[in-house]
Amino acid sequence: TMRAVVYEKPFTVSVLEVPKPTILHPDDVIVKGEAVHAAAILDSDLHMYEGRTSAEPGIVFGHENMGIVDEVGGGVTLLKKGDRVVMPFNVACGRCINCEEGRS
């Protein structure tokens, strides 16, 4: 397990023990929980925290973190175990024309 900030209901979150993630998709990457050096809860999380989204109880908050790759799915070609990574807010697939041309 690992500790995470978990949404319970509007204006209520808790730090709980939750199952560690597993590879579910070939493009998944898992960053070591004990190696996550920093994480943030930002205004985009506040929309959920304040009940202004359809967030379901049990969702884990936090993004914009950095750490060390622990495991990669079979379709991951640009990262390997041990790589240091930063996961910014914006989501980019790395393969579309916008990503390939540096616009994502």
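Reckoned from all heavy atoms, side chains included, excluding hydrogens, waters and symmetry mates.
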Participant: So how far is it from T53 OG1 to H47 NE2, rounded to the nearest 0.5 Å?
Facilitator: 9.0 Å

Participant: Answer with yes or no whether the hydrophobic clustering places M87 together with V72; edges join I, L, V, M, F, W, Y residues whose side-chain heavy atoms lie under 4.5 Å apart.
Facilitator: yes

Participant: Applying side chain to side chain donor-acceptor pair (under 3.5 Å), name anything that partners E17, two or more places apart in sequence or on another chain.
Facilitator: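 Expected list: T1.
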
Participant: Indicate the atoms forming the closest heavy-atom contact of L79 with V85, along with that distance.
Facilitator: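 So the two residues come closest at CD2-CG1, 3.8 Å.
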
Participant: Quick one, V18 and M2 - any side-chain contact, counting heavy atoms below 4.5 Å?
Facilitator: yes

Participant: Rounded at 0.5 Å granularity, tell me how far CD in E71 sits from CG in D28.
Facilitator: 9.0 Å

Participant: Which value, rounded to the nearest 0.5 Å, describes the distance between K20 atom NZ and K32 atom NZ?
Facilitator: 9.5 Å

Participant: Let me check something: do F61 and V15 share a hydrophobic cluster, defined by ILVMFWY side-chain heavy atoms less than 4.5 Å apart, either directly or through other members?
Facilitator: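 Shared cluster, yes.
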
Participant: With D83, which residues qualify under side chain to side chain donor-acceptor pair (under 3.5 Å), at least two apart?
Facilitator: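 By the side chain to side chain donor-acceptor pair (under 3.5 Å) rule, D83 matches K80.
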
Participant: For residues 3-11, dump all side-chain donor-acceptor pairs below 3.5 Å to protein atoms at least two apart in sequence or in another chain.
Facilitator:
from: E8; atom 1: OE2; to: S14; atom 2: OG; distance (Å): 2.3

Participant: Are V76 and V69 co-members of a hydrophobic cluster defined by side-chain heavy atoms under 4.5 Å apart?
Facilitator: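 Yes, it is one cluster - the side chains of V69 and V76 are joined through contacts under 4.5 Å.
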
Participant: At their closest point, which heavy atom of V29 faces which heavy atom of I23, and how far apart are they?
Facilitator: N-CD1, 4.4 Å

Participant: T22: which residues meet the side chain to side chain donor-acceptor pair (under 3.5 Å) condition with it, sequence neighbours left out?
Facilitator: none

